[in-house]
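Take a look at the structure below.
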Protein chains: 2
Amino acid sequence: MSRPPRERADAVAAVAEIFREFGFEGASLSAITARTGLGKGSLYHFFPGGKEEMAAAVLAEIDGWFTRTVFAPLRDDPDPEAAIARMLRETDAYFRSGRRICLVGAFALDGTRDRFAARIGGYFTAWRRALADAVARSGRGEAMERAEHAVLAIQGALVLARSLDDPGVFARMLARIERDLLSPETHDRPN
Amino acid sequence: MSRPPRERADAVAAVAEIFREFGFEGASLSAITARTGLGKGSLYHFFPGGKEEMAAAVLAEIDGWFTRTVFAPLRDDPDPEAAIARMLRETDAYFRSGRRICLVGAFALDGTRDRFAARIGGYFTAWRRALADAVARSGRGEAMERAEHAVLAIQGALVLARSLDDPGVFARMLARIERDLLSPETHDRPN
DNA sequence: GTCTATACAGCGATAGAC
DNA sequence: GTCTATCGCTGTATAGAC
């Protein structure tokens, strides 16, 4: 990633990290050329549409990875609890246990949101739906509510972990949503 | 806010909305002059340090508002459950039931994070600590864990509500954390 | 395919008249 | 205090040699 990428896929991965670090507006072309080792000529050869096409390619790559690794098992694995465990494990690895932010979430809060609204919405819709499906298939109630809360907690933990510079936030959140997702109780209702 | 502000405080409020919409990098001085109705001369009269000082002023204003309205009652109100109810109510109002993002969280994910790291960290530290204090004073266990999860869920719900363009996410999250915060049980542990 | 050179628009910031 | 004019710089993007 720090050495010149020979293929477009390598360039996409390198550019993703730059967007993560600086945001869409903050990621200047000079930063991108410096960090990828690619000249502007090569960059515009891979991405004729410029920065916007780079960001679109990054989002598509992220979406594809999550679809293959997380969403599809959640929907299709005959053992839904194993798929949920896998989601937790892969999510922890992907976000480096809270040390890496979610670019989709970052773009959602950014001014660039409108540009990529469809992709951003699609990503979270797919995640929530796939997780709700697994929870429901495991025989538990309130599947949609639990799934939505788990997805939102992951995003919030990434914000908080970065704000406090404390990855422990992410680990504690993962333990909690695992419990909430797999809890047999509908709820305890204090009133 | 759309008409020329006569005081610095009005300018801060107007600038805050522009940062919310475009992010720090995306909020250009020309956008700021256009939307505030203030010329560059006036802007630099109020904020000699330019954009960075504007953002610092906005963050200080947000921090002050939350300290007065939310954090202080959480710590000092003799009725901690009332303070928690107030937090939920004020938070719902402040974030317009999920239609408005948290600028502190947005800056945390942004490339501007390092510039304002102390303020961002201070804000969330204060919130988590004040809420944990109220939960503990109400006689419930696992105060820090519950408080951290509530703060993180608020941030995540704002990300998700904006991503899905569905404020309902925020309302559902508020109902859930109210339950979790006030639940008498330590937990139900399925294993 | 990759480079260097360059176009030109917009950036944040400043100066100075009023 | 507020305006307009302008600075120097960096932004994205393109052209054209190799």
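In what follows, every chain begins at residue 1, and chains take the letters A, B, ... in the order their sequences are listed.
By the 30° and 60° cut-offs, the orientation of the rings of H149(A) relative to H149(B) is tilted. Taking the six-membered ring where tryptophan is involved, the planes of W127(B) and F71(B) are tilted, since the angle between them lies from 30° to 60°.
Here the side chain of K51(A) is nearest to one of dG12(C), dT12(D), dG11(D), namely dT12(D). Closest to the side chain of H45(B), from the set dT2(D), dA13(D), dG12(C), is dT2(D).
Using a 4.5 Å heavy-atom threshold, the side chains of R140(A) and L182(A) count as touching.
We find that CG of D10(A) is positioned 11 Å from P of dT2(C), with the value rounded to whole Å. The distance from atom NZ of K40(B) to atom P of dA5(D) is 12 Å, rounded to the nearest whole Å. Taking atom CG on L38(A) and atom C1' on dT12(D), their separation rounds to 16 Å, with Å as the unit. Atom pair L29(A):CG and dC8(C):C1' shows a separation of 15 Å (rounding to whole Å applied). One interatomic measurement links the two molecules: CZ of F19(B) to P of dG12(C), which rounds to 9 Å at whole-angstrom precision. For the pair F24(A) CZ and dT12(D) P, the computed distance is 9 Å after rounding to whole Å. We find that CD1 of I32(B) is positioned 17 Å from C1' of dT2(D), with the value rounded to whole Å. Between F22(A) atom CZ and dG11(D) atom P there is a gap of 11 Å when expressed in whole angstrom units.
If you check every strand for non-hydrogen atoms under 4.0 Å, A27(B) touches sugar and phosphate atoms only. Contacts of G50(B) with the nucleic acid, taken as non-hydrogen atoms under 4.0 Å apart, involve only primed sugar atoms and P, OP1 or OP2.
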Audit row: L103(A), V58(A), side-chain contact (heavy atoms from CB on, under 4.5 Å) steps and yes/no: CA-CA 9 Å; L103(A) 195 58; V58(A) 166; 3.4 Å; yes

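At dG1(C), none of the side-chain N or O atoms of S42(A) fall inside 4.0 Å of OP1 or OP2 (strictly under the cut-off).
Between G41(A) and S28(A), the one whose closest nucleotide on DNA chain D sits nearer the 5' end is S28(A).
Remark: R113(B) is not positioned above the aromatic ring of F107(B), lacking an NZ or CZ atom under 6.0 angstrom from the ring centre and at most 45 degrees off the axis.
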